[in-house]
Amino acid sequence: MEKYDFKAVEQKWQDKWEKEKPFKAIDFHPTKPKYYVLYEFPNISGSLHMGHLKGTIPADALARYKRLKGYNVLFPIGGDSFGLPAENAAIKTGINPRKFVENGSKTIFGQFKKLGLSFDWDRTFNTSDEDYYKWTQWIFLQFFKHGKAYKKKGVVNFCPNCKTVLSNEDSQGGKCDRCGGDVRQEERWVWFLKMKEYSEKLLDNVDRIQMAESLKEAQRNWIGKSEGMQVRFDIFSDNGEKVGNMEIFTTCIETIYGITFVVLAPEHDLVEVLKSNIKNFDEVLAYKEKTALRSEFDRLSDQKEKTGCKLEGVYAVNPVNNTKVPVFLADFVLANYGTGAVMAVPTHDQRDFEFAQAFGIPMIQVIEGDCSKHAVEKKEYLAKNSKMLNSAEFSGLPVKEAKEKIAQKVIAMGVGQKKINYRMQDWSFNRQRYWGEPFPIVFCDHCGTVAVDEKDLPVTLPETNDYLPNANGDSPLSKVADWVNCKCPKCGRPARRETDTMPNWAGSSWYWLRYVDPHNDKALADFEKLKYWGSVDCYTGGTEHITRHVLYSFFWQNFLYEIGAVPTRDPFIRKMGSGLILDDQGKKMSKSSKNGASPLEVIEKYGVDVARLHVHFLGGYEDNTPWTYDGITGITSFLDKVWALQDMVKGDAVSKEHIYELNRLIKKVSEDLEDLKLNTAISAFMIFVKKVRDDGFITKEELRQFLILLNSLAPHITSEEYEVVFGKELLDDKWPEYDEKFLVEDVVPLPIQVNGKLSKVISVSRNITQDELLVEIEKQYPEIYSKGKVLKKMIYVPGRIANLIF
RNA sequence: GCUGGUGUGGCGGAAUGGCAGACGCACAGGACUUAAAAUCCUGAGUUCGCAAGGACGUGUGGGUUCGACUCCCACCACCAGCACCA
């Protein structure tokens, strides 16, 4: 046996894979079934980190396993390359972000190759490649043409320092992600995609996909479906003249007799309508302005202090009992949810309670409970099914019954109907940035907003060296005059291009479709190829942006499916969120972590196969696991033993000594690979190796099967050893199958319990009857059972356990 | 606050109604060695006991069951997501 030189061997196989491309996915393979494994493509921003390692290698193991199982596997990789890292670098250096992406992707893909990942490299692209973003633009055009993209003024997060609009994510805590300065709310033109329309379809998608419950719940939360009623309240001026009406949304119609005021969001249109009737309009306007200036963050941070402003001179009327109630403006009511107006029942809603206390508004209790210190809310009174109070003919009824009856009454009166609301908003889709897909949209004084002709796609980014927005916060592209000025595609007169670009999310919302046919210049991908590869069978990646990324992906593919551009509605069948590798503080590992190890260091020192097994062995794929070098020697010594197996070969066929262990190993490893439970798979391998070493031999056939089983986890050493022993290529071989009849042994250890507690373990034939078992127990352990003793009961599960109750 | 998830030796973790702690690390003892490293063998949840053997033990308290880490109820802690969503 030659000493195992991991550096040389790993390099040898990686070179071979690069040259011979054994992992190439074959379109329309005549015999093999397809399997699509996807790893969430990396952001092109820096160098390989532990997160990549934790995410890629289980996907690679699955892909390799499925190939050996006889599947035609598509396992592609690319780069998510539009976005902030490249843009920021460009601002700093003045060099085109394209350069940054070129270098960055070379680096990260090179490092991926060092991991020995079995990607089909012929399908690789970056989202900022022109022939990729051509199709991102094409998809936007379809949204636009089908009326699902529109431009409208909206209030957005704006950083006055960077002069750019920020997403909620980029402005967390009210601070700009880029400069750390305060973020303001500003009204700007915003492109929206009509995602809200897809709420129900997205909920269906969430139900269908295989994914951890916590992740599904986060997505349902984000969509935020809530069922309730919309009810109309008429508004009167103080002299009794009807001057308007307002629609409110409530999920608690049962509390309608407890209303003591109603509230409008400060931005609500009704304020303008009622202007002439509002006596304190100056005050109202001042309140509106004050809240408009406060950032979203401020509005949330002092949520304990309720602020508001009464509309003097008008009142609303509760339709069920004609009670007059005051109308307030308050910023705890959000303009963009429901109708932007609520009925307030301080006894049964904590926010209303606090507001009523602050403004000295009376309260009426309509459901049992103690409302003196805080509101008795829905959750509590519904759980107890409390009784109604002070609610006319509904008083005394259980709340669940009253809820339905009051709803019927309101509907019968013609002032309300059942209504479903969603928290999710339409997707704000433009950024004032250079490094993104330009919108294929032109503004013409005569024709308005016009789509660029599809044959003129892509609309490419112009060269510039100025990557900062202008003083008004317009995109850097607005400074490139000869790009902005163009001809109207419709009438040919001078027109101007849209200068905003799409968000980073755009390119990642359909990329798995492009892998199917990455060089197609006629369509985003060939329809028949899309049909062949279908949905992604297993999609792995980090959990950082998983909620939005998955929902955006569902949304785009739903739309593309509906317009007939793709043959499947579901992008993914199964989505796994990889856990984090934590540092010694229990935090996500970063460069500042004290024990922050780089995967490249580990590979340099121990080799890729060791690094892979070690990371798998740290814990489950979806679990967060602390990084440690502790235990890595267990892996190196295991692989040393695997390498040494070649010197222990005696005999050819599977031996009777190992037939059960080998069959169990095949079953265990196959199941664990399907579930990505790789830590327990490795332990099964260790147990098998220990058995073989105890017996002092392994047969040729046993070694062959063993190496194939281990190949997807430790591809280099197994490929090499297979070649050394068998003189052939492991990849040409097939995954071994197990035989059920070798999974059960005839003689098994059977635990004997006495009154439910373990007493002894005896070795018996698997099929022994209860009577025979008792005889056996009496023979071996008369102190447990003998003929004279009276058994109250006996539980016997053959092969599992026996419990004797006296 | 709401929602979801998790809680097991000194550590990473196994076991989803049937021998708790697989596998690995660290630890202890032994073999080999002039010695060390490496390697190999053995031991080990805690506790009482020389031992045989016993008691206790999966966050806490109850329950269901012949039998519970596993199922049910209440509580505690931690992690994640959302957060004035009417």
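Asn624(A) comes within contact range of the sugar-phosphate backbone alone, with a heavy-atom separation under 4.0 Å but no base atom that close. Nucleic acid contact for Lys760(A): none, since no nucleic acid atom lies under 4.0 Å from a heavy atom of the residue. If you check every strand for non-hydrogen atoms under 4.0 Å, Thr625(A) touches sugar and phosphate atoms only. Among the heavy atoms of the strands, none lies under 4.0 Å from Lys792(A). Note on Thr547(A): nothing from the nucleic acid sits closer than 4.0 angstrom, heavy atoms only. If you check every strand for non-hydrogen atoms under 4.0 Å, Ser683(A) touches a base.
Under the Watson-Crick or G-U wobble criterion, with both distances below 3.5 Å, rU34(B) has no partner in any strand shown. The partner of rU3(B) is rA80(B), judged by Watson-Crick or G-U wobble contacts that both fall below 3.5 Å. The pairing partner recorded for rA68(B) is none, the criterion being a Watson-Crick or G-U wobble arrangement whose two distances lie under 3.5 angstrom. In this structure rA51(B) sits in no base pair that meets the Watson-Crick or G-U test at under 3.5 Å. Taking a pair to require two hydrogen-bonding distances under 3.5 Å in either a Watson-Crick or a G-U wobble arrangement, rG12(B) pairs with rC23(B).
Between rA86(B), rC66(B), rC40(B), one nucleotide has an atom nearer to the side chain of Val333(A) than all others, and that is rA86(B). Relative to the side chain of Asp331(A), the nucleotides rC19(B), rC84(B), rU3(B) differ in distance, and rC84(B) lies closest. Side-chain proximity of Ile795(A) to the nucleotides rC66(B), rA86(B), rC84(B) is greatest for rC66(B). Counting only heavy atoms from C-beta on, Thr680(A) has its side chain closest to rA15(B) among rC19(B), rA15(B), rC84(B). Taking every side-chain heavy atom of Ser214(A) into account, rG4(B) is the closest of rU3(B), rG4(B), rA14(B). Of the candidate nucleotides rA14(B), rC85(B), rC23(B), rC85(B) has the atom nearest to the side chain of Leu334(A).
On a pure distance criterion of 3.5 Å, no polar donor-acceptor pair joins the side chain of Lys690(A) and the base of rC23(B). The base of rG1(B) does not come close enough to the side chain of Gln350(A) for any donor and acceptor atom to sit less than 3.5 Å apart.
Between Leu713(A) and Phe685(A) the shortest side-chain heavy-atom distance falls below 4.5 Å. Put simply, the side chain of Thr255(A) reaches to within 4.5 Å of the side chain of Ile367(A), judged on heavy atoms.
Inspection of the Thr251(A) and Lys378(A) side chains reveals an N or O donor paired with an N or O acceptor under 3.5 Å.
For Arg220(A), the side chain to side chain donor-acceptor pair (under 3.5 Å) partners are Asp207(A), Glu213(A), Glu217(A), not counting sequence neighbours.
Distance check on atom C1': rA44(B) versus rA35(B) gives 28 Å, rounded to whole Å. With P as the reference atom, rU39(B) and rA26(B) are 10 Å apart, rounded to whole Å. Comparing the P positions of rC41(B) and rC50(B) gives an interatomic distance of 32 Å, to the nearest angstrom. Only the P atoms considered, rG43(B) is 15 Å distant from rC25(B), to the nearest whole Å. One C1' atom belongs to rC76(B), the other to rG59(B), and the distance between them is 7 Å to the nearest Å. rG9(B) and rG1(B) have their P atoms separated by 28 Å, given to the nearest Å. Taking the P atoms as reference points, rU34(B) lies 48 Å from rC19(B), given to the whole Å. Look at the C1' atom in both rA74(B) and rU64(B): the space between them is 15 Å, to the nearest Å.
Taking the centre of each ring, Tyr381(A) and His348(A) come in below the 6.0 Å mark. Taking the centre of each ring, Phe261(A) and Phe355(A) come in below the 6.0 Å mark. Note: Trp427(A) and Tyr552(A) meet the aromatic proximity criterion, with ring centroids under 6.0 Å apart. Annotation: His614(A) is not in aromatic contact with Tyr629(A) [ring centroid separation under 6.0 Å not met]. Phe6(A) has its ring centre no less than 6.0 Å from the ring centre of Tyr606(A).
An OP1 or OP2 oxygen of rA86(B) is reached within less than 4.0 angstrom by a side-chain nitrogen or oxygen of Tyr337(A). Regarding contacts with the backbone of rG1(B), every side-chain N or O of Lys379(A) stays at 4.0 angstrom or more from both OP1 and OP2. Taking 4.0 angstrom as the limit, Arg693(A) places a side-chain polar atom (N or O) nearer than this to OP1 or OP2 of rC40(B). Residue Ser226(A) has a polar side-chain atom (N or O) positioned under 4.0 Å from OP1 or OP2 of rA86(B). One finds no side-chain N or O of Lys419(A) lying less than 4.0 angstrom from the OP1 or OP2 phosphate oxygen of rC85(B). The phosphate of rC85(B) has neither OP1 nor OP2 within less than 4.0 Å of any side-chain N or O from Asn336(A).
Rounded to an integer number of Å, the gap from Gln753(A) CD to rA68(B) C1' is 11 Å. What separates CZ of Phe328(A) from C1' of rA86(B) is a distance of 17 Å, to the nearest Å. Atom P of nucleotide rG13(B) and atom CG of Leu582(A) are separated by 9 Å, given to the nearest angstrom. Here rG5(B) presents its C1' atom at 10 Å from CG of Leu215(A), a figure rounded to the nearest Å. The distance from atom CD of Gln219(A) to atom C1' of rA80(B) is 14 Å, rounded to the nearest whole Å. Between Glu671(A) atom CD and rU16(B) atom P the separation is 11 Å, expressed in whole Å. Taking atom CG on Leu613(A) and atom P on rG12(B), their separation rounds to 21 Å, with Å as the unit. The interatomic distance linking Trp222(A) (CH2) with rC82(B) (C1') rounds to 12 Å, in whole Å.
Lys668(A) NZ to Asp672(A) CG: the interatomic distance, rounded to the nearest 0.5 Å, is 4.0 Å.
In this structure, Lys306(A) is positioned above the aromatic face of Phe332(A), its NZ or CZ under 6.0 Å from the six-membered ring centre and within 45° of the axis.
The number of heavy-atom neighbours closer than 6.0 Å to CZ of Arg800(A), taken from other residues, nucleotides and ligands shown, is 12 or below.
A heavy atom closer than 4.0 Å to some atom of RNA chain B occurs in Gly631(A), Thr633(A), Gly634(A), these being the qualifying members of residues 631-640 of chain A. Using a 4.0 Å cut-off on heavy atoms, the residues of residues 798-805 of chain A that approach RNA chain B are Arg800(A), Ile801(A), Asn803(A), Ile805(A), listed by number.
Salt bridge present: Glu404(A) and Lys418(A) bring a charged side-chain N and a carboxylate O closer than 4.0 Å.
In rG81(B) the base sits anti relative to the sugar, since the glycosidic angle is further than 90° from 0.
Using bins of under 30°, 30° to 60° and over 60° for the plane-to-plane angle, the ring pair Phe249(A)/Tyr337(A) lands in the perpendicular bin.
The nearest heavy atom of RNA chain B to Ala684(A) and to Gly224(A) marks one nucleotide each, and the one closer to the 5' end goes with Ala684(A). If you find the closest nucleotide of RNA chain B to Leu618(A) and to Pro749(A), the one lying nearer the 5' end belongs to Leu618(A).
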